[in-house]
Structures are given as C-alpha cells and as structure tokens.
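If you're wondering where the values come from, they're calculated on a predicted model, not measured in any experiment. Protein chains get the first letters and strands the later ones, always in sequence-line order, with residue 1 at the start of each.
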2 protein chains.
Amino acid sequence: MRDVAKLAGVSHQTVSRVINEHPNVRAETRERVLAAMRSLNYRRNLAARTLATRESRTLGIVGFETTLFGPESMLYGIESAARAAGYLVSVATVRDLSHRPVLEAVDRLVQHGVDGIIAIAPKPAVTTALTHAPTGMACVAVGGDSQAGFPTVRVDNAAGARIATQHLLDLGHATVHHVAGPLDWPEAQARVDGWRETLYAAGAVVPPITTGWWDAAAGYEQGRKLAGDPSVTAVFCANDRIALGVLRALHEAGRRIPDDVSVVGFDDMPDSGYFMPPLSTVHQDFAELGRRALALLLHNLGLPDGDSPEDVVVAPRLNPRASAAPPRD
Amino acid sequence: MRDVAKLAGVSHQTVSRVINEHPNVRAETRERVLAAMRSLNYRRNLAARTLATRESRTLGIVGFETTLFGPESMLYGIESAARAAGYLVSVATVRDLSHRPVLEAVDRLVQHGVDGIIAIAPKPAVTTALTHAPTGMACVAVGGDSQAGFPTVRVDNAAGARIATQHLLDLGHATVHHVAGPLDWPEAQARVDGWRETLYAAGAVVPPITTGWWDAAAGYEQGRKLAGDPSVTAVFCANDRIALGVLRALHEAGRRIPDDVSVVGFDDMPDSGYFMPPLSTVHQDFAELGRRALALLLHNLGLPDGDSPEDVVVAPRLNPRASAAPPRD
DNA sequence: TTCTGGAGTGTTACCGTTCTCATCCCGCTC
DNA sequence: GAGCGGGATGAGAACGGTAACACTCCAGAA
C-alpha cells in the first residue's frame with residue numbers, strides 16, 4: 001500500500017480512501033491511485049484490515065461431518081449468498097452433535113475471528129452449546145426445529161408431514177403408516193407430529209411408528225416389518241433415503257407399488273425421481289434455506305446488540321410422482 | 001495480551017513465548033502466565049498473528065457448487081485432517097468449472113490470506129486457472145485425473161473401470177456395455193479408457209458408448225436405449241447415480257437384473273446397497289482422498305519453493321453385490 | 001579471578017490497514 | 001475583506017501480535 005501511495009504521489013491514507021470508496025476524493029486522484037494499484041497488482045491485506053476494524057468479513061459454519069443430503073445443500077446456499085455479500089465462509093465440522101465438539105468447533109471459528117456463525121443444527125445440543133459459548137458472537141441456526149431464544153431458519157417439517165399424510169388420505173387410504181427418523185432429532189419428531197395430527201383430524205387410526213437412522217438400511221429394516229402386514233397400504237417415510245429402503249423391502253415381499261402400497265418420502269433429493277417407482281415426496285429447498293439463514297445472520301450482525309431472534313420458516317411442498325396412488329382395494 | 005502480561009507481572013513478549021511454547025521460559029513463570037490467561041479468558045488474536053507472521057493457518061478449498069457425492073465427502077476428509085493439523089478451512093465455490101469463476105474464487109481465497117489451496121478439481125480448467133493464478137500459493141488438486149506439473153491426489157479411475165469390466169467378463173459375459181459420464185471430465189474419460197482396454201485385452205467386442213451427465217436422469221435415458229438391445233447382458237456405469245437410472249430403465253423394459261442384464265456402478269455411494277437389486281460397484285474412499293490431499297498440501301507448504309509435485313494415486317476396489325451375476329444364456 | 005555462554009526476560013520495531021484529527025485551500029456570506 | 005464551512009488530503013496513532021536484539025544473571029571453564 002505504501003508503494004501504491006508513493007507511485008501515485010499521495011499518502012497511504014488517500015489510497016485507503018480509494019479502496020473503501022470514500023466520497024471525498026477527487027476523481028483525478030482516484031484514477032491515479034487506481035492506476036497505481038493496477039500496475040503494482042496490489043491487493044489489500046485483509047489480515048491487517050481485520051486487525052484494524054475487528055471485522056474479518058468471514059463467516060463460520062458449524063457443520064455435521066456426515067453426508068446427509070440436507071446439510072450439504074445448505075452449505076452451498078450459504079456460501080453463494082455469502083459470496084454475494086462479500087463474505088468468505090469457513091467450515092468447522094463436528095464428528096457428533098454433542099456439547100464438547102460443538103464448543104470446540106465454535107472456539108476454533110472464534111479464534112479465527114469470524115464475524116458470525118451459522119450452525120447447521122439439526123439437534124438442540126448444538127444450539128445449546130452455542131448459547132453457552134462465551135462470546136457475543138451473532139449466531140443463526142439453520143435446519144432442525146425452532147429453538148427457544150435462538151434465531152432459526154428452518155423448513156416447516158410438521159406442515160410437510162401434514163401435506164404428505166393428507167395426500168395419502170385424500171387418495172383414499174384408510175390410514176397412513178410412518179417410518180420415522182431418529183426421534184432425538186427435532187426434525188424427525190416434527191414430522192411424526194404432523195403425521196399424527198393429520199390422522200387424528202381425519203379420524204383415522206394412528207398406527208405405531210418405527211424409528212431408525214436416516215438411511216436406506218433403516219428404511220429396509222423397518223420396511224420388512226410393514227411388508228408383512230397386509231393392512232398397510234400407505235407409508236409416509238421421514239426422508240427419501242428411508243423410502244428407498246422401504247421400497248426395496250416392499251418389493252422383495254412381493255407388494256407392488258403403488259398398486260398394493262403407496263409410499264411418500266421427504267426431501268426430494270436429486271435422484272428420487274428415478275427410484276422404482278419414482279418417489280412422491282415432500283420437496284424442501286435447502287439452498288433457499290441456506291440463503292435465508294445468511295440473510296438473517298447479516299441482518300442480526302447489523303443490529304445493535306440484543307438482537308431480535310425473529311425466526312424464518314419456509315414452507316415445503318409436495319412433489320407427487322408415481323409411488324403414491326389410490327388404494328386398489 | 002497486554003492485560004495478561006500486566007496481571008502476570010511479565011512483559012507481553014514473555015506471554016507470547018508461553019503461547020508459542022517457547023522452551024526458554026521458567027516453569028514457574030509459565031504457570032503464572034497461564035493462570036493469568038485463564039482468569040482473563042484470553043484468546044490470541046489470529047488476525048494480528050497473521051499480520052506479523054504472514055501465515056494464517058487457514059486453508060482454502062475451491063469447490064464445485066453442486067451436490068455430487070464425491071466432492072462432498074472429500075470436503076469432510078480435508079476438513080477433519082486440517083483440524084488435526086491446526087488449520088481451518090475456508091470454502092469458495094464456483095458455479096461452473098470454467099476459467100473466470102475459478103480465478104475469482106482463488107482470488108477471494110488469496111485476499112483472505114489462506115496459506116494454501118486445495119482444488120476439488122474434476123476438470124482441467126480448474127487446475128489451468130490455478131496455474132495461471134498470479135501467486136506463489138501452494139496448491140493441490142484432488143479428484144479429476146493427473147494434471148501435468150500439478151500435484152494431484154486422485155483415485156485410479158482407469159484401474160477401477162478395469163476391475164469392474166473384468167469382473168463382468170469373468171462372470172462369463174461376452175462383452176460389457178458402458179454408460180459413460182460427461183467425457184470432458186477426465187474421470188469419465190479414464191473410466192472409458194479402463195473399460196476399453198480391458199475389453200481389448202480380452203478380445204471382446206467394444207460396443208459404442210453413450211454419454212451424459214452424472215445423474216440418474218442421464219442413466220435412465222441411456223438405459224432405455226440399451227434395454228431395447230437383447231445382446232446387452234452386462235453394463236458398466238460411470239457412477240452409481242447413472243446406474244440407478246439404468247436399473248430403472250432396464251426394469252421398465254422387463255429385463256430382469258441380474259438374470260437378464262448385469263449392472264456395475266462406480267463410487268459406492270451410501271445407499272447403493274439398497275437399489276433394486278443391490279448394486280455391485282467400485283468403491284472409492286473419498287474421505288481418505290481428502291486426507292491425502294491435505295497431507296500433500298502441508299508437505300508442499302513446508303517445502304522451499306519449487307515444490308515437487310509428486311502425485312498420489314489411491315486404488316479403488318470392487319464391492320460386489322447382487323446386481324452382477326453370470327449371464328443366464 | 002575473569003571470561004564465556006546460555007537461559008530467562010524485557011525493549012523496540014514492524015506487519016498493513018483504518019481511524020482520528022489537523023491542515024490547507026477554496027468559495028461563499030455578511 | 002474578514003470570517004466561515006466544507007472538500008481534499010496528510011500525519012500519526014492505534015489494532016494485537018511476533019521477530020530481533022539487548023540485557024541481566026549465574027554456572028562453569030581458563
């Protein structure tokens with residue numbers, strides 16, 4: 001920067017003003033400085049800027065180290081929105097969603113001087129840890145379910161479950177079975193709630209649920225149990241991967257889909273339209289979620305101090321395909 | 001830091017020595033300083049450290065903004081290895097793998113002062129852009145295929161294709177068809193090469209290939225063409241998602257798998273064991289790839305200047321499941 | 001005894017910005 | 001024509017660390 005100033009024949013301060021687009025610089029001077037910057041291939045040193053302004057233009061993301069579809073997609077949504085806003089994102093992942101690892105991840109981000117943190121936080125342990133973090137850092141959680149006193153951006157899981165369940169009921173099924181995700185995840189719990197509510201409201205029998213992890217193996221295992229029960233004609237799965245396992249279990253048991261059993265998933269992950277048969281599922285826009293999370297964080301960043309949490313809830317929608325149809329009876 | 005020094009009754013320099021575990025500090029003094037740090041809840045300001053040492057302990061990742069399974073998993077492998085080495089990772093994604101966006105991403109990372117860059121670089125355009133980046137930054141590419149003069153960590157795609165093809169030939173199939181990925185991706189091309197070589201070596205007919213994107217939609221489209229040809233008894237797909245589409249197309253055409261047609265995929269993504277039928281596929285360890293990439297980068301970081309590229313190639317292995325079997329003939 | 005060397009500590013400069021305040025010059029008002 | 005306000009610029013001090021060097025001990029060798 002000193003070199004630029006010298007070359008342009010001005011003080012370093014004027015160079016700084018040009019960089020920061022300060023209005024009070026004569027146009028001619030600005031041009032001279034810009035030319036000098038170009039010819040020296042100057043780039044401002046962000047570390048120094050950070051030191052002086054205590055603002056790093058870097059955002060931290062606390063992520064969950066596993067390949068679940070949702071978190072991945074949100075990362076990209078956040079990153080591209082952050083880029084547009086002039087921020088870089090740093091990622092700290094945790095191996096499991098318990099207190100200690102999350103605190104460590106936050107600490108790492110804070111040490112590196114991030115301006116704010118977005119937690120991809122499907123379990124409350126994460127936001128709890130965040131609240132206890134000894135820092136006045138602006139934080140936003142994305143995914144999971146609403147957390148008291150913590151700004152959150154999420155999909156309305158219960159609504160999604162209602163849509164799916166109602167869809168199956170509307171097709172004429174007497175009731176709908178549910179293969180749930182891990183119930184200590186609020187998202188899984190909210191989907192159970194939405195499903196149950198809808199059955200209640202329709203006066204339908206509420207069958208017992210089974211639960212397991214978010215993957216096809218769990219879906220397969222639980223699907224085998226359902227497959228043996230001829231009264232099962234409609235199944236709502238907590239996500240698409242589970243649905244994949246369920247489809248296979250039903251198929252192996254000789255139950256045709258959707259002729260004998262209808263199946264609906266949740267997520268609308270990329271290839272679910274190519275399952276056998278193509279999966280009817282609840283679509284959620286993860287990238288949008290990421291963008292909204294970033295917008296909320298930026299907003300809270302500008303706020304004085306005791307920020308207003310003000311949650312954001314995004315509505316999911318049904319993406320009907322071939323796996324759900326009226327019962328054959 | 002000044003406060004810590006004052007509280008401990010030493011100079012700030014001694015505090016710095018304690019932080020950096022310099023040996024020449026009396027044990028008693030060190031204790032006093034550590035106690036002061038604890039009681040003031042002191043954390044060193046990395047921006048200042050970066051400014052002084054011109055080393056940020058941050059690594060940059062240039063990623064591809066799409067949910068392909070491989071890149072995702074590599075990100076986690078890199079991040080956890082980086083964490084262990086005391087680095088934080090910052091991610092800059094690009095919307096497409098052309099020159100300009102990659103340069104911009106690199107520029108963003110450089111501005112933020114990363115110490116090195118790992119490019120998740122399936123296409124040569126990325127490494128080309130990186131080589132032209134006006135900076136002596138240490139770079140490593142992961143994924144893709146070998147790039148002249150650029151340190152690369154990758155899976156041996158050709159070997160994987162050979163394994164898959166040979167597996168099908170060994171089962172007794174006269175030849176093997178191939179549904180390729182986009183041929184401007186070196187990975188896709190290498191898989192074609194490995195497949196073709198193996199057929200040549202076995203003296204088998206080399207059928208024409210079809211190509212498309214890496215997803216199930218492409219697989220379905222190409223699978224429909226193959227399904228109509230009764231001479232097709234074995235299909236090697238460039239990845240698992242394509243295989244999913246192919247499976248569905250074959251199924252719809254009434255061809256049983258593996259009785260009529262055997263199918264082998266590539267990647268071994270999480271739920272491929274729950275396709276119908278479970279997919280035989282070539283397994284690649286993306287997380288390991290990420291770890292190796294990081295190790296290579298750190299190694300090159302320590303090197304004087306004109307670094308030794310020294311590529312790393314990881315061997316894939318077959319994960320046989322139900323979708324490949326001897327031909328029924 | 002005197003010299004030497006290294007362990008332990010302090011002093012000062014410097015990393016590259018931004019911020020605050022001072023300065024200068026100009027045109028305007030009274 | 002003196003006073004005044006504001007635009008354009010510069011000077012110097014932060015920001016919070018690390019690096020280089022100087023200094024003080026004190027033990028052991030000459």
State whether [X] and [Y] are salt-bridged, where the test is any N-O pair (Lys NZ or Arg NE/NH1/NH2 against Asp/Glu carboxylate O) under 4.0 Å.
X	Y	value
Arg108(A)	Glu104(A)	no
Arg30(A)	Glu28(A)	no
Arg154(A)	Glu288(A)	no

Using five base pairs at each end, measure the axis-to-axis angle across the helix from dT1(C)-dA30(D) to dC30(C)-dG1(D) and round it to 10 degrees. 60°
Euclidean distance, Asp267(A) CG relative to Glu187(A) CD, rounded to 0.5 Å: 8.5 Å
Roughly how far apart are Ser56(B) OG and Arg49(B) CZ, rounded to 0.5 Å? 9.5 Å
Against the side chain of Arg26(A), the closest entry in dT9(C), dT9(D), dT18(C) is dT9(D)
Going through the distances and angles, do Ser90(A) and Ser90(B) end up as a side-chain hydrogen bond (donor to acceptor under 3.5 Å, both in side chains)? CA-CA 4 Å; Ser90(A) 290; Ser90(B) 290; 2.7 Å; yes
Figure out the [atom1]/[atom2] separation between [X] and [N], and round it to whole Å.
X	N	atom1	atom2	answer
Asn24(A)	dT23(C)	CG	C1'	15 Å
Glu55(A)	dT18(C)	CD	C1'	12 Å
Glu28(B)	dG8(C)	CD	C1'	12 Å
Arg30(A)	dG7(D)	CZ	C1'	13 Å
His22(B)	dG17(D)	NE2	C1'	16 Å
Gln13(B)	dC23(D)	CD	P	16 Å

Would you say Thr14(A) places a side-chain N or O within less than 4.0 Å of OP1 or OP2 belonging to dG10(D)? yes
Please confirm whether any donor atom in the side chain of Arg17(B) sits under 3.5 Å from an acceptor in the base of dG10(C), or the reverse. yes
Smallest separation among heavy atoms of Val114(A) and Met137(A), with atom names: O-SD, 3.3 Å
Tabulate protein N/O versus nucleotide N/O from nucleotides 15-17 of chain C, keeping only pairs under 3.5 Å, one per line.
{"from": "dC15(C)", "atom 1": "O3'", "to": "Arg54(B)", "atom 2": "NH2", "distance (Å)": "2.8"}
{"from": "dG16(C)", "atom 1": "OP1", "to": "Arg54(B)", "atom 2": "NH2", "distance (Å)": "2.7"}
{"from": "dT17(C)", "atom 1": "OP1", "to": "Tyr42(A)", "atom 2": "OH", "distance (Å)": "3.0"}
{"from": "dT17(C)", "atom 1": "OP1", "to": "Asn45(A)", "atom 2": "N", "distance (Å)": "2.8"}
{"from": "dT17(C)", "atom 1": "O5'", "to": "Tyr42(A)", "atom 2": "OH", "distance (Å)": "3.3"}

Looking across every strand, which nucleic acid part, if any, lies under 4.0 Å from Thr50(A) by heavy atom: base, sugar-phosphate, or nothing? nothing
Which is it for Leu7(B) and Leu40(B) under the side-chain contact (heavy atoms from CB on, under 4.5 Å) test, yes or no, and what are the steps along the way? CA-CA 9 Å; Leu7(B) 180 60; Leu40(B) 291 177; 4.0 Å; yes
In terms of the angle between their ring planes, are Phe64(A) and Trp185(A) parallel, tilted or perpendicular, with boundaries placed at 30° and 60°? tilted
